[in-house]
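Count residues from 1 along the sequence.
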Amino acid sequence: GLNQENDARGWLLLEHLAQWRDWSRDPSHWLFGKVDMDRIALIGHSRGGEAVAIAAAFNRLAHYPGDASLAFDYGFNLRGVIAIAPVDGQYQPRDSGTPINDVNYFTIHGSMDGDVQSFEGAAQYARVAFKDPAQAHFKSSLYIVGANHGQFNTGWENLDTGRLRAWTLDLGGIMPAEAQRDIARVYFSAFLEI
């Protein structure tokens, strides 16, 4: 099932960043000196929206929570997390939601989402905590009337449940795809600038 998938996605994101860190430090690599590893934000959609929150939590840990024999060595300067219509609770360390601490956080969801039908990002949002008083952080959420799940990207279209079950969806109230992506671009850009 999905219970052991999203923690792997979060872990994979951090491994990917570790590879970028190695490339940026290697004088023989074409990315040498071209990657700013001090200004990182993660963006994920749907299950990826939960994975970016997991990655933010794992980034601060010395070991994998499910198996302490697996050491972590990340500690990236992760400044922000954007969760687009995220699922929540597919990974639950110690049977509770993933803690999200001391990182700027933004979640976005549409009222016409036919896949993640409730605003699960609100649960992530509620768990975001700012514990380091020396750092200024913020969190924000946006619920868009008329936006659906798939139109936040250019590949999924407006058939949130897939073509086979699309007949069950009310497509009449869904905003145009480009308008939905324009809203996302404006808010993501503002979040990342701050």
task = Using the side-chain contact (heavy atoms from CB on, under 4.5 Å) rule, take Arg9 and Ile54 through it: C-alpha gap first, then chi angles, then the decisive distance, then the call.
result = CA-CA 8 Å; Arg9 286 175 184 246; Ile54 293 167; over 6 Å; no

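- Put simply, the side chain of Gln92 never gets that close to the backbone of Gly97: no donor and acceptor are under 3.5 Å apart.
- One N or O on the side chain of Thr107 and one on the backbone of Ala83 form a donor-acceptor pair closer than 3.5 Å.
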Let me check something: any side-chain donor-acceptor pairs from residues 129-136 under 3.5 Å, sequence neighbours excluded? List them with distances.
{"residue": "Asp132", "atom": "OD1", "partner": "Ala134", "partner atom": "N", "Å": "3.0"}

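- Lys139 forms a cation-pi arrangement with Tyr125, by the criterion of a distance under 6.0 Å to the ring centre and an angle within 45° of the ring axis.
- Between Phe191 and Asn104, some side-chain heavy-atom pair lies under the 4.5 Å cut-off.
- Contacts classified as side chain to side chain donor-acceptor pair (under 3.5 Å) and involving residues 183-194 (residues at least two apart or in different chains) are given here: Glu178-Arg185, Asp182-Arg185.
- Residues Val103 and Ile100 meet the side-chain proximity criterion, which asks for heavy atoms closer than 4.5 Å.
- Using a 4.5 Å heavy-atom cutoff, the side chains of Ile82 and Tyr105 are not in contact.
- In this model, a donor atom of one side chain and an acceptor atom of the other lie less than 3.5 Å apart for Glu15 and Tyr74.
- Aromatic ring centres of His149 and His45: separated by under 6.0 Å.
- Remark: aromatic rings of Phe152 and Phe188 are distant, center separation not under 6.0 Å.
- Taking 4.5 Å as the limit, some side-chain heavy atom of Phe119 sits within range of a side-chain heavy atom of Ser141.
- Checking side-chain atoms of Arg79 against main-chain N and O of Asp38 turns up a donor-acceptor pair under 3.5 Å.
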request  = Take Ile40 and Asn77, measure what side-chain contact (heavy atoms from CB on, under 4.5 Å) needs, and give me the verdict at the end.
outcome  = CA-CA 6 Å; Ile40 299 171; Asn77 188 17; 5.8 Å; no

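- In this structure, Ser111 contributes its side chain and Gly146 its backbone to a donor-acceptor pair below 3.5 Å.
- One N or O on the side chain of His137 and one on the backbone of Asp102 form a donor-acceptor pair closer than 3.5 Å.
- With Gln180 contributing its side chain and Asn148 its backbone, the two residues share a donor-acceptor pair below 3.5 Å.
- Residue pairs meeting the side chain to side chain donor-acceptor pair (under 3.5 Å) criterion with at least one member in residues 48-60, sequence neighbours excluded, are Asn6-Glu50.
- The ring of Phe32 has its center no closer than 6.0 angstrom to the ring center of Trp23.
- Residues Phe58 and Tyr64 approach most closely at CZ-CE1, 3.9 Å, considering heavy atoms.
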